[in-house]
Amino acid sequence: MGILFGAAGNTQSFYDQGYKSSLYMPGWLNERGLNAYEYQCTRGVNIKQETAQKLGQAARDNSITLSIHGPYYINLATDDQEKQKKTKGHIIKSLQVAKWMQANKVVFHPGSASGASRIENLEKAKKLLYKIIIEADKEGLGEIKLAPETMGKASQLGNLEEVLDLCKTFDNVVPTIDFAHLHALGGGCLNTREDFAYILDRIAEVLSEQIVEYLHVHFSPIEYTRAGEKKHRTLLDEGFGPVFEPLAELIVERDLCPTIICESKGRQVEDVLIYKEIYNKTCKNKGTL
Ligand SMILES: [Zn+2]
């Protein structure tokens, strides 16, 4: 399997062309030369089994690799038992939908970093994640990977080291590296090849080369303040990083096969096609295409 490019949810132009149902999205992406789709359950897991199975079939018919983005309400670091129960429910439900669709992973935001020290919050997150993994195994959902995402604000759990720590602790937990979030959290820290190489090398060091090879990536331009992420932008907005070129060079040189999911606001497909073009151009320049 080579590198995959795709969209987080449905792009504005899909709706503008009169489509309403996500069931048409796999075919629509395929027509545009894309091969990945991250289905959004960010406002809650509401999709029915039949629809999920149909979407899975449409994805297979169109050679689209599926992942799922779990609800924003997940908080692994909470002390509140009711919220812990809800978090568990959100993750289990997302895994169930992934199984129906035959999606290979569930991406989620680890939780809040407030109320206690970062280390304490990380330990709380590990404890609850452990319970959820046991439950998932019991329900026959253990095959699907859980993919905590690197976050864009200091108030959230999920800087690079925290995400890698969660992944190191459990089998079947892999990182989602959101480069936009890392860029925002670091006050615009991703600019050169070395900046991106550091992240890839660090993942290889803590986890493995194989995880880097098949890395799940979120990429889009982002606006940030001193507190970190403000909002996702698009390539039409000038002056917002991170730029894709240095990462494309590393992907080509290291012969990696990541999945690049674009989260540009309303222009996920248009922007990911530009990233794909950058990647193809990089291959050509290096004589590998
Ligand atoms: Zn996310």
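First listed ligand is number 1; within each ligand, the first listed atom is number 1. As the structure is a computational prediction, the values presented were derived from the model and not from experiment. Only heavy atoms go into these numbers, but all of them, side chains included; no hydrogens, no water, no symmetry mates. All residue numbers in this chain count up from 1 along the given sequence.
The N, O or S atom of Glu149 with the smallest distance to the Zn ion (ligand 1) is OE1.
The ring of Phe196 has its center closer than 6.0 angstrom to the ring center of Phe179.
Proximity of Pro26 to Leu55: side-chain heavy atoms (C-beta onward) are separated by under 4.5 Å at one or more points.
Not one N, O or S atom of His218 sits under 2.8 Å from the Zn ion (ligand 1). Between the Zn ion (ligand 1) and His69 there is an N/O/S contact shorter than 2.8 Å. Under 2.8 Å from the Zn ion (ligand 1) lies no N/O/S atom of Glu263, from backbone or side chain alike.
Cys262 approaches Ser220 most closely through the heavy-atom pair SG-CB, 4.4 Å.
A 6.0 Å sphere centred on CD of Glu139 holds more than 12 heavy atoms belonging to other residues, nucleotides or ligands.
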